[in-house]
Amino acid sequence: MAFALSRRQFLAGVSAMGTTSLSSRVWSAAPRPALPIPPLMDGTKGDPVDLEIRSGTWSFMPGIHTPTLGISQDYLAPTIRTRRKSELNLHYRNTLDEGVSIHGHGLHVPGEVDGGPQLEISPGGVWQPKLMIAQPAATCWYHSHTHGKSGEQTYRGLAGMILIDDDDTDAMDLPKRYGIDDLPVIIQDRTFDTEGRLVYSLMEAEEDGWYGNTVVINGAIAPVAKVPPGKVRLRILNGANARFYFVAFADGRRFQKIASDGGLLPSPVPLTSMEMSPGERCEIIVDLLDGNNADLLMLFEDVIDDEGDGTSQIDLSRYPSNLLAESRLSLRVDHSLSAETAPLPDTLATITRPREDEIVRTREFSLTMDHSGGHAGHSGHAMMDMAINGASMDMSVINERVQRGVWERWSIRSDQGAHPFHAHGCSFLIEQAEGEAASADQQGWKDVVVLDDDDWSSIVVRFDHEATDRFPYMYHCHILEHEDRGMMGQFTVT
Ligand code: C2O
Ligand code: CU
Ligand code: CU
């Protein structure tokens, strides 16, 4: 796939920024931080999970206190554990002085509890959605979806993971001890000013969205995790606002991808690298039975200029060395921890695609970034018109009406640049990604599909829950600056 020129040209800019980033000055002398593991909140019993949306202070770098946002903690949010066939009760309280919507990304729940922009919690307000979880085991997440402010609020910290378990995964030999051999890995990039404050501006974002110059993993720079000498499961979320990541181990070792956005793949897929777009999740298993430590690298895909077709070996010498040192999660084998060593199951899930005669209709979506409109000379994208099928997000307009319980084919394309397209309320199956048949590791349930200029991506999708005119679902680009600038539409399911 080919990305727009602007993404490649950014290489020069990033390398320069890397040498002057606050983190590379402050951090290089300090000991490596431990990987922060967000506390696990058990939502499986139906008891209310209390979630306080608040401001805080977080040390991304030793001795530097950065003002942040978080949910029941200073930065990011607890990991919520739920279960198929159970009711998840969330009790949000917004203590900020601005409105906040929090969306459960990847959850198959009705529009009225989906947490889209219509469901804004006012300052001091509460929101208590009850979610019936009916879908298979998956790694989902929750994040700010406030109208026009998703990018800024997510950047400052309003994001966390939701883990869905089910009987099938319980019965499988998979690492499942949270924080020991089953680790949440939330990748983000942030830029800090000289005082250590987060720098963000929707107005000044480039056309490709807001790129931070420093990789943070669960809120830490180049953290270290102690892991047992066996199989380790990493639940990786690209929680960045705009960046695409190239993920691979520094020693080029092979790993097994076992799950995509919406749950387990049909069978494990061996890879040595992968690309992750904003909003995507991948669960991988790495085997540390050999007792060697392993460093997982999260590289800016626009800098490495390689999208990770699953087999490529990267030329690390081309990557700015200070950035390379910072862009990693180090797994250090601790022989005192008991290890999961059972072989991975050959079969993980059965995924049934619809027959052609079950697909009742086709819709087309075209994502556009329009430079025209009399704003010539503006360097950022603030004045660009971002739209889907010619329409920018308007809370008073329902753009599509979908029938519940039937299969549809959605064909999506971009007129310029790469965009991760996401739809609420469903998982879908990719037929074609950027003009090519979906690769083995893209053959599972997804809720984000990447499209690039001149190529169509197509998906088959079915919505099983209701979304009304009052509480519709959203489809949008998951580059949050594109979403906030209007590359989003609303649809009902009835
Ligand atoms: Cu992850 Cu509509 O978003
Ligand atoms: Cu979503
Ligand atoms: Cu986009």
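For ligands, and for the atoms within them, numbers begin at 1 and follow the listed sequence. Treat the numbers as computed from the prediction; the structure is a model and nothing was measured.
- Residue H422: an N/O/S atom is found under 2.8 Å from the Cu ion (ligand 2).
- Checking H478 against atom 1 (Cu) of ligand 1, an N/O/S atom falls under the 2.8 Å cut-off.
- Cation-pi geometry between R243 and Y211 is met: the NZ or CZ atom falls under 6.0 Å from the ring centre, inside 45° of the normal.
- Counting backbone and side-chain atoms alike, H145 contributes no N/O/S atom closer than 2.8 Å to the Cu ion (ligand 2).
- Between the side chains of T146 and Q153, at least one donor-acceptor pair of N or O atoms lies under 3.5 Å.
- When atom types are taken as modelled, the side chain of E275 and the backbone of F244 share no donor-acceptor pair closer than 3.5 angstrom.
- Among the atoms of H105, an N, O or S atom falls under 2.8 Å of atom 1 (Cu) of ligand 1.
- By the 4.5 Å heavy-atom criterion applied to side chains, E283 and K257 are not counted as neighbours.
- No cation-pi contact links R190 to F60, judged by a cut-off of 6.0 Å to the six-membered ring centre and 45° from its axis.
- Minimum-distance N/O/S atom of H419 relative to the Cu ion (ligand 3): ND1.
- Taking the six-membered ring for Trp and the full ring otherwise, H145 and H147 have centroids separated by 6.0 Å or more.
- The atom of H482 that is an N, O or S and sits closest to the Cu ion (ligand 3) is ND1.
- Residue contacts to atom 1 (Cu) of ligand 1: H143 brings an N, O or S atom closer than 2.8 Å.
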